[in-house]
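Keep in mind that what you see is a predicted model, and the values were worked out from it rather than measured.
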Amino acid sequence: MATPHPRLTLTEEVARALRDGRPVVALESTIISHGMPYPQNVEMATGVEEIIRAEGAVPATIAVLHGTPRAGLDRADLELLATSPEVGKASLRDLAHVMARGGHGATTVASTMRLAALAGIRVFVTGGIGGVHRGAERSFDISADLTELASTPVAVVSAGVKSVLDIGLTLERLETLGVPVITYGTDDFPAFYSRVSGFRSPLRADSPEEIVAVMRAQWGLGMTAGLSIANPVPEAEEIPAERIDGIIERALAEMAEAGIGGKEATPYLLRRITELTAGESLRTNIALVRNNARLGARIAVHYAAGADGGS
């Protein structure tokens, strides 16, 4: 197995699991500090870790605390992320700055991927990935998640591209970057809150074992791109596209009127959509993260079971 980077601090549990070749699942922290309100954010984070443990894997929530990148957090760390106004949203470009200043940073999909890879973790669970923003032909606003997926060998389990983005253009960009996009158990690409986006999935897998086989084939060829695994939200918990689309359009219009953009855009939209749906979107968000945790843990377990020297 790969030796974790010396600048990373791992809990003994995570370090021991990696040394022993046992399954480990990375989790991001922006969803805690900028994606959900308190106390639901802490309840979600601890609940997701419990699901991963129940499936036989070790959770490793990732963040930068007091300037140190961490893989594996305790309850006090999660409370800090969930409540402190000093926690910034740290994407890949921000990591070095947060570290140098000794600050706190909640890691995005891109920065979590990079730190997970440096730790030697191959599977990462999140809610939804970033992508090409609507109106990107004018703003050039494209998430670093996509370029990180193109260069970092980690399998990312999500409920698809966040619904507030341009899903079609994001799929096109991922194709250009050579990132395998695999939808779990369906031919329809999901849209975060909804099971169907209107776009056909590029690739399909129907079991964790199939996904692991793709991971091994991809990285066995020496290709460094990660995998985007799109896992539809459970049917009972989804918000149908025909209902959520109008709410998203309203939130986008209000955001534009307020002049909000850049790294503040997605947190604003998630908050506003939660308000406009009277909390329904938050419940769906929590449900899909929990669903992704189950699948991600099962992938990690099967990957570790066939490990041969950490490939």
Side-chain angles (χ1 to χ4, degrees), residues 31 35 51 109 123-134 136 142-143 145-146 149-150 154-215 217-218 225-249 251-252 266 269-270 273 277 280-299 302:
I31 193 171
I51 288 169
V109 168
V123 180
F124 162 37
V125 163
T126 185
I129 65 168
V132 180
H133 284 250
R134 301 186 194 195
I142 300 174
S143 172
D145 296 357
L146 303 189
L149 273 162
V154 172
V156 181
V157 181
S158 74
V161 178
K162 292 187 177 77
S163 306
V164 298
L165 305 174
D166 190 315
I167 294 175
L169 290 184
T170 300
L171 290 172
E172 292 287 353
R173 184 63 179 150
L174 285 167
E175 179 185 7
T176 299
L177 293 170
V179 177
V181 176
I182 303 171
T183 298
Y184 187 68
T186 178
D187 293 322
D188 295 306
F189 189 80
F192 194 66
Y193 298 117
S194 311
R195 292 177 61 83
V196 176
S197 67
F199 295 92
R200 187 174 177 83
S201 177
L203 304 167
R204 173 175 175 163
D206 293 300
S207 69
E209 294 92 333
E210 285 185 59
I211 294 170
V212 168
V214 178
M215 293 164 65
Q218 169 89 354
L227 282 73
S228 176
I229 313 300
N231 184 33
V233 61
E235 189 171 358
E237 306 289 349
E238 79 164 327
I239 304 176
E242 59 268 21
R243 185 148 58 87
I244 195 67
D245 285 350
I247 294 170
I248 291 171
E249 291 292 344
L252 285 164
T266 299
L269 290 169
L270 291 175
I273 292 167
T277 60
E280 184 181 5
S281 64
L282 177 60
R283 292 189 292 273
T284 296
N285 197 349
I286 292 171
L288 65 85
V289 175
R290 292 172 66 87
N291 190 48
N292 293 342
R294 292 186 189 94
L295 177 59
R298 291 168 187 172
I299 292 169
H302 284 287

Identify the heavy atoms of [X] and [Y] that sit nearest to each other, and give their distance.
X    : Y    : value
Y184 : P208 : OH-CD, 3.5 Å
G130 : K162 : N-NZ, 4.1 Å
A293 : I51  : CB-CG2, 4.0 Å
I182 : R204 : CG2-C, 3.8 Å
P232 : P190 : CA-CB, 4.0 Å
A191 : I167 : CB-CD1, 3.6 Å

[atom2] on [Y] to [atom1] on [X], rounded to 0.5 Å:
X    : Y    : atom1 : atom2 : value
D166 : L171 : CG    : CG    : 9.0 Å
T170 : L165 : OG1   : CG    : 5.5 Å
I244 : F192 : CD1   : CZ    : 10.0 Å
I129 : I229 : CD1   : CD1   : 10.5 Å
I286 : E237 : CD1   : CD    : 10.0 Å
R298 : E209 : CZ    : CD    : 10.5 Å

Which residues share a side chain to side chain contact (heavy atoms under 4.5 Å, CB included) with E210, sequence neighbours left out: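 With neighbours one apart ignored, the set is A205, D206, S207.
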
NZ/NE/NH1/NH2 to OD/OE distance under 4.0 Å, E280 and R243: yes

Is any side-chain heavy atom of [X] closer than 4.5 Å to a side-chain heavy atom of [Y]?
X    : Y    : answer
Q218 : P180 : yes
R200 : D187 : yes
I239 : I247 : no
M215 : I299 : yes
D188 : T183 : no
F189 : V181 : yes
V233 : S194 : no

side-chain contact (heavy atoms from CB on, under 4.5 Å) evaluation trace for T126 with N292: CA-CA 7 Å; T126 185; N292 293 342; 6.0 Å; no

N285, T284, I248 screened by side chain to side chain contact (heavy atoms under 4.5 Å, CB included) with I273, the one that passes: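 That would be I248; it is the only one of N285, T284, I248 passing the side chain to side chain contact (heavy atoms under 4.5 Å, CB included) with I273.
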
Any residue meeting side chain to side chain donor-acceptor pair (under 3.5 Å) with S281, in chain and number order, not counting sequence neighbours: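 S281 satisfies side chain to side chain donor-acceptor pair (under 3.5 Å) with T274, T277 once adjacent residues are dropped.
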
